[in-house]
There are 2 protein chains.
Amino acid sequence: MPATEIIERTLARGGYRLTAPRRALLEAMQDLDDHFTAEDVVTAAPEVGRATVFRTLRLMQDIGVVCQVVLDDGSVAYRLTSGGHHHHMVCSQCGAVADFTSHDIEDVLQQLADRTGYEIDAHRLEMYGRCPRCRALPDE
Amino acid sequence: MPATEIIERTLARGGYRLTAPRRALLEAMQDLDDHFTAEDVVTAAPEVGRATVFRTLRLMQDIGVVCQVVLDDGSVAYRLTSGGHHHHMVCSQCGAVADFTSHDIEDVLQQLADRTGYEIDAHRLEMYGRCPRCRALPDE
DNA sequence: ATCCGCGATGAGAATAAGTCTCATTTGCAG
DNA sequence: CTGCAAATGAGACTTATTCTCATCGCGGAT
């Protein structure tokens, strides 16, 4: 599944132009780590202007192609996302980010909303810890 | 319960000095909104140096007197906190932040950890929506 | 295929946000 | 009281992000 193609289609469907810089940035992001900062993208795509990187990052968030990951120190990174609502597991050892979803969590949050009288329309959940791979590694 | 006093005691217990700037910053934070940015504190306590504000903000996070709130646009604000682990409800209309805890959530997350093989040692959950107060208000 | 309008872009300046240095001050243990 | 390591402040510095505006080029209309 050529992710780029899917994304390009999403762009087009949103009524956004499919420009060379946007294509270049998409490609750059796919070559980057599983999460990256705005600066990483600026560096990885030197032919694209600084302002355009920030503009494009925001645009891609709006159309749901890129999402934010809040790291455990409170800094925010970006990440290509295949789509819908999800949460993140961030490995505190190797730094890898994994997506996950859970009906149970959504259910509990819904109950919480009902109970407290809030009308929740979005939420954000990040978990920090060691991934199975790192746990299996010989201790430091 | 004079929060300031409690906090000062916490500071002392941690082996940190109770200096005039720290006292001033605590007071400033209490006068601020229910959440505030570093810059807000800098402005609210002009007699305290910029660097000290950032240093103190970090210190207070370390000793658990201040916590971070991730707003829905991904920016991070700070907030005085009475203590332990909790999550946030952020009203998208009035901006107010409320703390909450839920055993159910912790349970579900623990199950998730067990199931996925992750060793979770921290997490962060923020919910965004309208608070009961704002919902009761006449529609715009 | 060609044209044209407006959305998109780039360069670089401007602003915002956070960190660092280091000489000086000051809690507070003894 | 005294000594000293922790804490501070001023302000330069670095890093992050936004803004401006002249120019460009995508893609719908023809």
Side-chain angles (χ1 to χ4, degrees), chain A residues 4-5 7-29 32-33 35-63 65-66 68-79, chain B residues 4-5 7-29 32 35-63 65-79:
Chain A
T4 313
E5 199 177 306
I7 292 170
E8 291 182 350
R9 210 168 300 169
T10 306
L11 250 189
R13 216 179 304 138
Y16 299 99
R17 290 188 185 170
L18 189 44
T19 66
R22 284 177 184 165
R23 248 189 289 256
L25 290 179
L26 270 178
E27 208 157 313
M29 290 181 208
L32 283 169
D33 215 12
H35 63 284
F36 44 80
T37 64
E39 205 56 37
D40 291 337
V41 180
V42 170
T43 305
E47 75 277 19
V48 177
R50 188 169 198 70
T52 300
V53 170
F54 283 90
R55 281 188 291 237
T56 303
L57 232 24
R58 204 167 332 163
L59 168 65
M60 293 198 176
Q61 279 182 75
D62 289 348
I63 66 175
V65 161
V66 158
Q68 293 181 325
V69 185
V70 183
L71 302 182
D72 58 356
D73 66 352
S75 66
V76 174
Y78 301 94
R79 175 174 166 78
Chain B
T4 313
E5 199 178 305
I7 292 171
E8 290 182 351
R9 211 169 300 169
T10 306
L11 249 189
R13 216 181 303 138
Y16 299 99
R17 289 189 186 170
L18 189 44
T19 65
R22 284 177 185 165
R23 247 189 290 257
L25 290 179
L26 270 179
E27 208 158 312
M29 290 182 208
L32 283 168
H35 63 283
F36 44 80
T37 64
E39 207 55 38
D40 290 337
V41 180
V42 169
T43 305
E47 75 278 16
V48 177
R50 187 174 195 66
T52 299
V53 170
F54 284 91
R55 280 188 291 235
T56 303
L57 232 24
R58 208 167 328 163
L59 168 65
M60 294 198 174
Q61 279 181 77
D62 289 347
I63 66 175
V65 161
V66 158
C67 66
Q68 294 182 326
V69 186
V70 183
L71 303 182
D72 58 356
D73 66 352
S75 65
V76 174
Y78 301 93
R79 174 173 168 78

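A note on names: the letters A, B, ... follow the listed sequences, proteins ahead of strands, and every chain is numbered from 1.
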Map B:Ala38 and B:Ala20 onto DNA chain C by nearest heavy atom, then report which one ends up closer to the 5' terminus. B:Ala38
Would you mind reading off the distance between A:Leu59 atom CG and C:dA8 atom P, rounded to a whole angstrom? 8 Å
Quickly work out the A:Glu39 CD to D:dT18 P distance and round it to whole Å. 12 Å
Please report the distance, rounded to the nearest Å, between CD in B:Gln68 and P in C:dA17. 16 Å
Closest to the side chain of B:Arg17, out of D:dA5, D:dT8, C:dG10, is D:dA5
Think A:Thr19 has a side-chain N or O under 4.0 angstrom from the OP1 or OP2 of C:dT9? yes
Checking side chain to side chain contact (heavy atoms under 4.5 Å, CB included) between A:Val42 and each of A:Val53, A:Thr52, A:Thr37, which is the one that passes? A:Val53
Tell me if the side-chain of B:Arg55 makes a donor-acceptor pair with the base of D:dG9, cut-off 3.5 Å, by modelled atom types. yes
In terms of heavy-atom contacts, B:Ala24 and B:Glu47 come closest through CB-OE2, 3.6 Å
Closest of C:dC20, D:dG9, D:dT17 to the A:Arg50 side chain is D:dT17
Using whole Å, report how far CZ of A:Arg58 lies from P of C:dA8. 13 Å
Mind checking whether A:Glu39 and A:Arg50 have side chains closer than 4.5 Å, heavy atoms only? yes
Could you give the CD-to-P distance, from A:Glu47 to C:dA11, as a whole number of Å? 11 Å
Please give, in whole Å, the distance from D:dA16 C1' to A:Phe36 CZ? 17 Å
Per atom distances to the B:Arg22 side chain, the nearest of D:dA7, D:dG9, C:dT9 is D:dA7
What's the CZ-P distance between A:Phe54 and C:dA11, to the nearest Å? 15 Å
Distance (rounded to the nearest 0.5 Å) between A:Thr56 OG1 and A:Asp62 CG: 11.5 Å
Atom CG of A:Leu18 and atom P of D:dC26 are separated, to the nearest Å, by 9 Å
Any B:Val65 side-chain heavy atom under 4.5 Å of B:Leu11 side chain: no
